[in-house]
Amino acid sequence: MSEDPNTEAYGQEIAAAIEAAASLDDIARIRVAALGRNGVVTQWMRSLGTLPKDERAAAGARFNQLRAGIEEKLAAAAGRFEAAALEARLKTERVDITLPVKAEIGGRLHPISQTIAEVVAIFGEMGFHVAEGPHIEDDFYNFTALNIPPEHPARQEHDTFYLPDIAGRGERKLLRTHTSPVQIRAMLKDKAPIRIIVPGRTFRSDHDATHSPMFHQVEGLLIDETTHMGHLKGCLIDFCRAFFALDHLPVRFRASYFPFTEPSAEVDIGCSRAGGELKIGAGGEWLEILGCGMVNPKVLEYGGIDPARYQGFAFGMGIERIAMLKYGIPDLRTFYESDLRWLRHYGFLPLDIPSMVTGL
Ligand code: PHE
């Protein structure tokens with residue numbers, strides 16, 4: 001090593017090498033050569049002790065300045081390469097989150113999902129919350145606790161699918177024939193007061209143009225100390241008018257019978273069938289859309305609720321039925337065919353979430 005290393009010349013040489021570097025690897029190599037453990041500048045620094053005393057300070061200052069200059073240039077160059085590498089990665093790995101939903105190829109919400117969401121939105125506004133129950137039920141919840149004893153003729157209408165008696169207790173589970181068993185489950189679990197809406201799948205051994213072995217219902221149950229038939233009527237009239245978006249839709253309650261309600265009623269909405277075309281809301285004729293009634297005190301007892309203190313109302317309706325009426329879907333079977341053309345026609349855009357504020 002020379003006695004008086006030419007720091008200026010070396011600085012220029014390194015600056016040129018940095019300038020010519022083509023990659024982060026080149027930069028790393030230059031750093032090692034100049035500033036590494038055996039690098040040129042490091043060795044000069046180390047040799048300071050061998051210099052005459054009066055030269056040490058000046059030489060030390062020059063070496064430090066040289067090292068600082070090189071470090072600065074290396075860092076700047078490394079920064080440039082890193083930025084370029086990041087830029088390149090961002091270009092190849094870009095996900096454009098601003099892409100709009102492609103409605104033509106994207107999914108649609110099935111009318112059953114849409115209709116359930118609408119029903120939930122309407123009753124949600126009235127303070128009901130969603131409850132669910134199992135599809136595979138016990139005889140107790142599906143029938144007995146709903147005041148349908150084993151020999152009751154109402155069981156015939158609900159002829160269903162029974163599962164094998166695997167436990168060997170002489171007891172066969174079944175696919176629930178309606179959403180009403182969730183009434184009992186809610187009573188036993190939540191106690192009164194109750195305000196629930198229960199959308200879900202139900203099963204009956206029926207199959208024709210208007211009946212499917214699997215279909216959907218939505219149950220409603222409200223139990224409180226002062227609930228009466230007026231509340232039942234008010235809620236259901238409001239529901240029908242909101243659901244069909246017809247403020248003056250005629251709604252009629254017709255006396256009926258269900259083992260689990262007393263009194264019971266069926267709800268009809270006004271329509272016209274003039275010229276073979278069904279028009280909801282227009283005069284003269286009636287269309288049945290749901291069953292309801294005041295909860296039978298025997299059912300409250302099965303649910304562990306004191307009928308001397310509490311009373312309430314319940315209702316149940318078929319989702320497919322009200323969807324067919326609202327959206328003019330003529331054939332029940334098409335709901336389950338998974339035909340994309342059908343879904344494109346009758347389905348809903350996924351972001352059109354129904355609400356009472358933005359509309360159903
Ligand atoms: N569970 C009845 C049915 O499936 C409907 C209903 C529910 C009627 C609640 C009255 C009260 O037909």
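We use all heavy atoms of the structure for the numbers below, so side chains are in, but hydrogens, waters and symmetry mates are not. Order of appearance sets the numbers: ligands from 1, and atoms from 1 within every ligand.
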Would you mind reporting whether Leu349 and Arg108 have side-chain heavy atoms less than 4.5 Å apart?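 The answer is yes, as the side chains (C-beta and beyond) meet within the 4.5 Å cut-off.
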Is the [atom1] atom of [X] crowded by more than 12 outside heavy atoms at less than 6.0 Å?
{"X": "Ile136", "atom1": "CD1", "answer": "no"}
{"X": "Glu225", "atom1": "CD", "answer": "yes"}
{"X": "Glu288", "atom1": "CD", "answer": "yes"}
{"X": "Lys326", "atom1": "NZ", "answer": "yes"}

Regarding Arg176 and the six-membered ring of Phe203, is the cationic atom NZ or CZ under 6.0 Å from the ring centre and inside 45° of its axis?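 No, Arg176 does not sit over the ring of Phe203.
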In the protein, what heavy atom is nearest to atom 5 (C) of ligand 1, and what distance, to one decimal place, separates them?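 So the nearest neighbour among protein heavy atoms is Gly316 CA, 4.0 Å.
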Enumerate the atoms of ligand 1 whose separation from the nearest heavy atom of [X] is less than 4.0 angstrom.
{"X": "Ser180", "answer": "1 (N), 7 (C)"}
{"X": "Phe258", "answer": "8 (C), 10 (C)"}
{"X": "Glu219", "answer": "7 (C), 9 (C)"}

His231/Phe313 aromatic ring centres below 6.0 Å: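 Here the rings of Phe313 and His231 have centres that are no less than 6.0 Å from each other.
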Heavy-atom pairs closer than 4.0 Å: do any link ligand 1 to the side chain of Phe260, the backbone, both, or neither?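 For Phe260, only side-chain atoms sit under 4.0 Å from ligand 1.
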Can you tell me which portion of Cys292 lies within the under-4.0 Å heavy-atom range of ligand 1? Options are side chain, backbone, both, or neither.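 Looking at Cys292 and ligand 1, just backbone atoms fall under 4.0 Å.
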Within-cut-off N or O pair, Gln217 and ligand 1, under 3.5 Å: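 It does: an N or O of Gln217 is found under 3.5 Å from an N or O of ligand 1.
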Please indicate whether any nitrogen or oxygen in His178 is less than 3.5 Å from any nitrogen or oxygen in ligand 1.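 Min N/O separation from ligand 1 is below 3.5 Å for His178.
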Option set Met317, Met294, Arg204, criterion heavy-atom distance to atom 4 (O) of ligand 1, minimum: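 Ranked by closest heavy atom to atom 4 (O) of ligand 1, first place is Arg204.
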